[in-house]
2 protein chains.
Amino acid sequence: MGFTLRRFLGVTPSRALPLLPFLLTLLFVKSRGESNAMDNVATERLAEESHRQDSANLLIFIMLLTLTILTIWLFKHRRFRFLHETGLAMIYGLLVGVILRFGVHVPQSISDVVLSCAVNASPATLLVNVSGRFYEYTLKGEVSRGKGHQVQDDEMLRKVTFDPEVFFNILLPPIIFHAGYSLKREHRLHPGFAFIGTVISCFVIGLIMYGFVSFMKVVGQLGGDFFFTDCLFFGAIVSATDPVTVLAIFNELKVDVDLYALLFGESVLNDAVAIVLSSSIVAYQPTGDNSHSFEAMALLKSFGIFLGVFSGSFALGVATGFMTFTKLRDFPLLETALFFLMSWSTFLLAEACGFTGVVAVLFCGITQAHYTFNNLSPDSQDRTKQLFELLNFLAENFIFSYMGLTLFSFQSHVFNPLFIIGAFLAVFIGRAANIYPLSFLLNLGRKNKIGSKFQHVMMFAGLRGAMTFALSIRDTATYARQMMFSTTLLIVFFTVWICGGGTTPMLSFMSIPVGVDSDQDNTRRNTKHESAWPFRIWYNFDHNYLKPLLTHSGPPLTATMPACCGPLARCLTSPQAYENEGQLHDDDSDFILNDANVSSMYADVTVTTDASGSRTTNHKHSYATSSGGNPFDEGLDQELSMAENEVAIRGTRLVLPMDDPVEPPTTVTLHGYLF
Amino acid sequence: MGFTLRRFLGVTPSRALPLLPFLLTLLFVKSRGESNAMDNVATERLAEESHRQDSANLLIFIMLLTLTILTIWLFKHRRFRFLHETGLAMIYGLLVGVILRFGVHVPQSISDVVLSCAVNASPATLLVNVSGRFYEYTLKGEVSRGKGHQVQDDEMLRKVTFDPEVFFNILLPPIIFHAGYSLKREHRLHPGFAFIGTVISCFVIGLIMYGFVSFMKVVGQLGGDFFFTDCLFFGAIVSATDPVTVLAIFNELKVDVDLYALLFGESVLNDAVAIVLSSSIVAYQPTGDNSHSFEAMALLKSFGIFLGVFSGSFALGVATGFMTFTKLRDFPLLETALFFLMSWSTFLLAEACGFTGVVAVLFCGITQAHYTFNNLSPDSQDRTKQLFELLNFLAENFIFSYMGLTLFSFQSHVFNPLFIIGAFLAVFIGRAANIYPLSFLLNLGRKNKIGSKFQHVMMFAGLRGAMTFALSIRDTATYARQMMFSTTLLIVFFTVWICGGGTTPMLSFMSIPVGVDSDQDNTRRNTKHESAWPFRIWYNFDHNYLKPLLTHSGPPLTATMPACCGPLARCLTSPQAYENEGQLHDDDSDFILNDANVSSMYADVTVTTDASGSRTTNHKHSYATSSGGNPFDEGLDQELSMAENEVAIRGTRLVLPMDDPVEPPTTVTLHGYLF
């Protein structure tokens, strides 16, 4: 009774210890004859008590979230912008952590309950014979020798401690999926930026930290082992930038879309690269005795793992994204459920295959936003968006409030002032070494340069968030990892509160224009110069073959494929594609015409599209006409249709970069994009 | 690494056993010096392997659900009605169970890995010293003596076995909440029907089963203990009727609303009563040696527990339902998140207080549907409905497919033919003893009698579903409970497939009208005779005081409270209530005017409300006029306003019975309602 919540919380059942004397008394005072029934009652009571406590502990978090929501509302209502909701969640978490740590005192009732029995193996299951009754024990993990006496310390704090894997398996996936799913056409991903940038940042931070750690060793400030791989690992985990906080502020302030798109694309891919990078670094295991020396083979193997895991996760995510080719338009509930299940199964499938579920989910989200979304009924489009928005919101605020809590509830913090100073410095330099050179390189290839002000803002906006936290809390067994975790926590706090809170002043200091109309900006941005030939090739392939194959929109394959493939094309094209043929251009040009005021741009044509509703009507109308349906206003309609067509074509051809994640996942090609 | 999913699945980690020889070899072949690093690698690999398997197992269920959804779509598309989706989910579950049981063979690699070490207590945590390294083990539970050798049996089947508490803590709450939240005004709850009905059914079934069990004992067919309390417990769990299947069919076929409302109200409350009843029966513990004899004090205590837990859960649910008095209308995301969290915290709070979370959640849902829903923004109303609809759909199909699976994957089935025959007979008689006498009693008090055909359909429609399954799988430790579980499974299969599938033929055989326009029917039903005085008093209280206090709608308290309470009333009334004053009647009469064609009913007034959209506009308009705003069409508007007012008042006063769950939760009062 009541084991589930405990398992879900991932806390050890040792909280039941205070009740143990009671149980023990019952066990031994009673005569053997009737002890059976009484035992059951006692065990049940124990289980029930533990279940109640689990519920109460989970309730603390729910209340925290509720409080956060109410305060967010207050902030939004009063238009406070100096603190984002995630920063707020952290503060509440901190407060609760302080209360639990110093306010609540749970008496330590038992001095020595931890038994020791010597066997010569550590099986996963252990049967313990207690005076003729068998109890099943499961392996929880190895305990470090020094920790043995700490097991009973601070019951209350242990109770609110989650299994770190909860973050990876339950809380991160919706956040990452949502990031992918809310990628819009105008958010151009720069895989090169993300790949090279993250790797640069990781190695720069790793090297600087190695310098610091070596110095610390010399002055005797280091309390345990800290290898170069640990430094690199630290570099990888703090290289994951959080898309949430700054982008929320940018969105609210209507900051220049170009900056927004750059940052968003960077953050989304950064996370994916950082997680795979960190696991590759962990996998770096030179053979032989000296297990932390440099070895070319092991490095190559690590690199292979990186490529393999990344491309595997990528392929899996894209594949399941493609598979969700739903035809359930008439039943939004079924459609939404299927959509949700497919996203989840992507995660599970990737984990089952040994890839990284979070990365697979990201690319699944991107693919679904690009293809599947077009197949959904309008109702399901709303539903899925809202569902993932809600899940993302809850998971995110949960992680951030938990982050605040761990500053006080985590029991093995190692705060080393030198290491912390080094880390802050390294993070700063790493970010700079990432942003400025890459911006320079990117600027070589583009007419619409990334200005130096933008570069400063991007430098400033490199917040660390949920992914960094989840990666650092995953393993806190060794001294090195504990020090990393404590330091990472401080880095997250600092960046979210100081950088996040300082975004608005920073923007006004840099005199970056705010309140920009995103659509005017869009059209400005979409100038022809940017469409390099690989994008153009990819776009044509996507538009002519993938879209018709995978969605109900797009031109029929019969029109785009060579005549010799006629029968195949007919069989592969969705029947709806023919009906939708006219609306296709409408779909593709959405980002440009959407609640836009295009008339100012194309003043020579009298197309005024003030509201999306009226525009659409207008639109269908015009195509219906051009395919020979509507008899009235033919002349004007023809003109309109042509004008809109032109807009559509201009628009679609020029936003190619958002399509490139669907390119074959080799880093070489992706690097090629950058230059 | 990877512990969470395992915990979530609730399967024992013994699946890692096949890898153990590998680990052991590594442990002992390597020299002690470098065994440390290699151990870590091996342990990590073990954990990773186990994590992969967990993901794969969960994937099986996701795939099952996906398959179910696709088939449901096919069925809906082709308008098959002989099998409901839940029945379908069960069939798929069965198939997968068969495959896992007979198709997949996992070789048993290790003969004897279960170690035994003798200590004299069973603490929650155990430290095991394996050649100088400490491993932490956690208590999983007691293992029955005979089971010791079975631990390695059927790895694969153990892997897909969930912790039963998953059902109570994760899967049931959304289902029950959704049932409460989707209660509409016209679904009149008959608390008396549910209370007395469930108790009658429980005792009738319990007594019949006791007779059968005694007979089985005489003929030597009973393989273990089976006490009278066990019989009563069985009676309680099979008395929970499932609202899902039949109602879905009724809804689709547009069966008479009266029948639908009766069945829905009955099923919703039945579940709540059955769960509390079963836990009270479990709590029946006579003191002294003879622990299964009759004892008045223990019975009284059980009865007290029943009342206490039920009213406590009720009060908690209603209280948190009241508390969700949201003012976040401008931020639908925050509102939806808050709503979701409040529902969840109701569950946790009830569990933490020792009440029944599921019951609390039911009443929380009912209260929120009645009060909070009115405070939500239209966007949030949609979002919350869709969210809980989705959660309900997923949880329900998951439970039913798992049900099918357990028929083959559960390892301790006890199929006793005599017991099964007895159980089917008892369930049939118990249902009859519930429906017919109560319908007779109910008919005494109403003009609009429940016809004998309706009674037959209600008799037939008593499906057993998710709640019955969850209650029976919760504890399968003893012989009696195992036999109950196996039998319950058969009862669920039979009722869902045969009764559920036979509903359509049954309806046509009974010539119950289908395709009834629910709104015409509504007005027919809502005749004045039915509103007994307690309903009228409750309604007036609800309308004049609770609604204005708890929602933004309703007349301002200043208008309804005595003049002496003026300042208090002003301070308690929501500012919006004044604005909404005019729309109040609109709200209350929604169920009558909603997409209805009222003109046929009130032919003397020229109110034609064909579509809800145009009606609302019309409406506000008319009130705006009467409060002195709009200058044109004044005469007609006045007339309209009056006419609609009349309709509204007629409508609202006559649907009182749906309000009664909010009455103080004493069984005495509730019984009073029945007669």
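Keep in mind that the numbers below use all heavy atoms, side chains included, and drop hydrogens, waters and symmetry copies.
Tested against A/W344, the residues B/L65, B/I62, B/L59, B/L394 include a single side chain to side chain contact (heavy atoms under 4.5 Å, CB included) partner, B/I62.
Note that the CG atom of B/L333 and the CH2 atom of A/W73 stand 15.5 Å from one another [nearest 0.5 Å]. Note: B/L58 CG to A/F347 CZ = 9.5 Å, rounded to the nearest 0.5 Å. To the nearest 0.5 Å, atoms CG (B/L348) and CD1 (A/I60) are separated by 11.0 Å.
Residue-level contacts of residues 383-390 of chain A with chain B, in order of numbering, are A/R383, A/Q386, A/L387, A/E389, A/L390; threshold 4.5 Å between heavy atoms.
Smallest separation of non-hydrogen atoms from A/E351 and B/S55: CB-OG, 3.3 Å. What you find for B/S345 and A/M63 is that their closest heavy atoms are CB-CE, 4.1 Å.
Contact count against chain B (heavy-atom pairs under 4.5 Å) is highest for A/I69 among A/L349, A/I69, A/L70, A/T66. Listed options B/G357, B/A352, B/A350 were ranked by heavy-atom pairs under 4.5 angstrom with chain A; first place goes to B/A352. The greatest number of non-hydrogen atom pairs below 4.5 Å with chain A, out of B/P332, B/A337, B/A56, B/C353, is found for B/A337.
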Q. Could you go step by step and tell me if B/F393 and A/L334 meet the side chain to side chain contact (heavy atoms under 4.5 Å, CB included) rule?
A. CA-CA 9 Å; B/F393 177 82; A/L334 295 185; 3.3 Å; yes
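If you measure heavy-atom distances from A/F340 to chain B, the contacts under 4.5 Å come from the side chain alone. Neither the backbone nor the side chain of A/D382 comes within less than 4.5 Å of any heavy atom of chain B.
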